[in-house]
Amino acid sequence: MEDGHQEINDYQFLQLERIEKHFAEINYLLLSGKHIDQRDYVFHSLLTDYIEQWKNYYLKLYDLNLVPDIFDGHSYFYLDFGDSGKGKLSGPLRQREITPLQTLVGLLLLDMYYQKYFEREKIVTWNDLMIQILESDHEKQYKQILFGEIRASYDEKEWSLVQKRFLKALITFSKLGWINIHNDNGRNFSFEIRPAIHRLEKLYQEELNDFEVFSERFINQREI
């Protein structure tokens, strides 16, 4: 009889029926940069129940650290690709890089997560994003980067272009497990910010501590 807490040496745990059934997908998601949290209940449970065996597997076979992390009372798992550092969160299957604009969007979402800290689900709509851009403490930086100039208002065409850029970033974040998209239909789109967005805070602590310098560098280098 299979015991979820029995000691399993080396790779023998991969032969267990419940592991074998889901191994291919779990392995692919982790190597592609996915952060697996409790929303992926089955995968999360298998990683939790056999964490030491999974860690041993990735360390020996890929020389990668499988990291169990927790934020806001929610646990999640991801592979740390070490020296790939900032901007490279994916492994050998997908060399996905975080662009400067995606980094900016991510930091904006991280700020919104804290604003919604006491809400059970951190649901964000396009209207919420517009308000954040226009009325937050960093509105000048957001306007300059996203619109190219600081004004009191912007027309429909300008907002449409910004929305397309945001959607592209959100699709990437969804693949990383940082958000869960509920509706991507035009101005009605909405999504949930997941606890794993905290990973971005770890990677970009310096930029968060001095956001003005961070954004000014992007503007001057015209990287966005």
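- Tested against F189, the residues V124, I181, L167 include a single side chain to side chain contact (heavy atoms under 4.5 Å, CB included) partner, L167.
- The 12-atom threshold is not exceeded at CG of D63, counting heavy atoms of other residues, nucleotides or ligands nearer than 6.0 Å.
- For the residue pair D128 and Q132, no side-chain donor N or O sits within less than 3.5 Å of a side-chain acceptor on the partner.
- A donor-acceptor pair under 3.5 Å is formed between the side chain of D155 and the backbone N or O of K157.
- By the rule that hydrophobic residues join a cluster once side-chain heavy atoms approach within less than 4.5 Å of another member, L208 and V213 end up as members of separate clusters.
- Ring to ring, Y113 and F71 are close: their centroids are under 6.0 angstrom apart.
- Annotation: the span from Q141 atom CD to S136 atom OG amounts to 8.0 Å, rounded to 0.5 Å.
- Comment: R194 does not engage E121 in a salt bridge, judged by the lack of any side-chain N to carboxylate O separation of less than 4.0 angstrom.
- Counting non-hydrogen atoms of other residues, nucleotides and ligands closer than 6.0 Å to CD of E119 gives a total above 12.
- Interatomic distance, OG1 of T103 versus CG of L200, reported as 6.5 Å (0.5 Å rounding).
- Under the ring pair (Phe, Tyr, Trp, His ring centres under 6.0 Å) criterion, F214 pairs with F211, F218, not counting sequence neighbours.
- Between F13 and Y57, the two ring planes are perpendicular [angle over 60°; tilted spans 30° to 60°].
- The salt bridge (charged side-chain N to carboxylate O under 4.0 Å, His left out) check on E156 picks up R187, with sequence neighbours excluded.
- With sequence neighbours left out, F191 forms a ring pair (Phe, Tyr, Trp, His ring centres under 6.0 Å) with no residue at all.
- Between H44 and F77, the distance separating the two ring centers is shorter than 6.0 angstrom.
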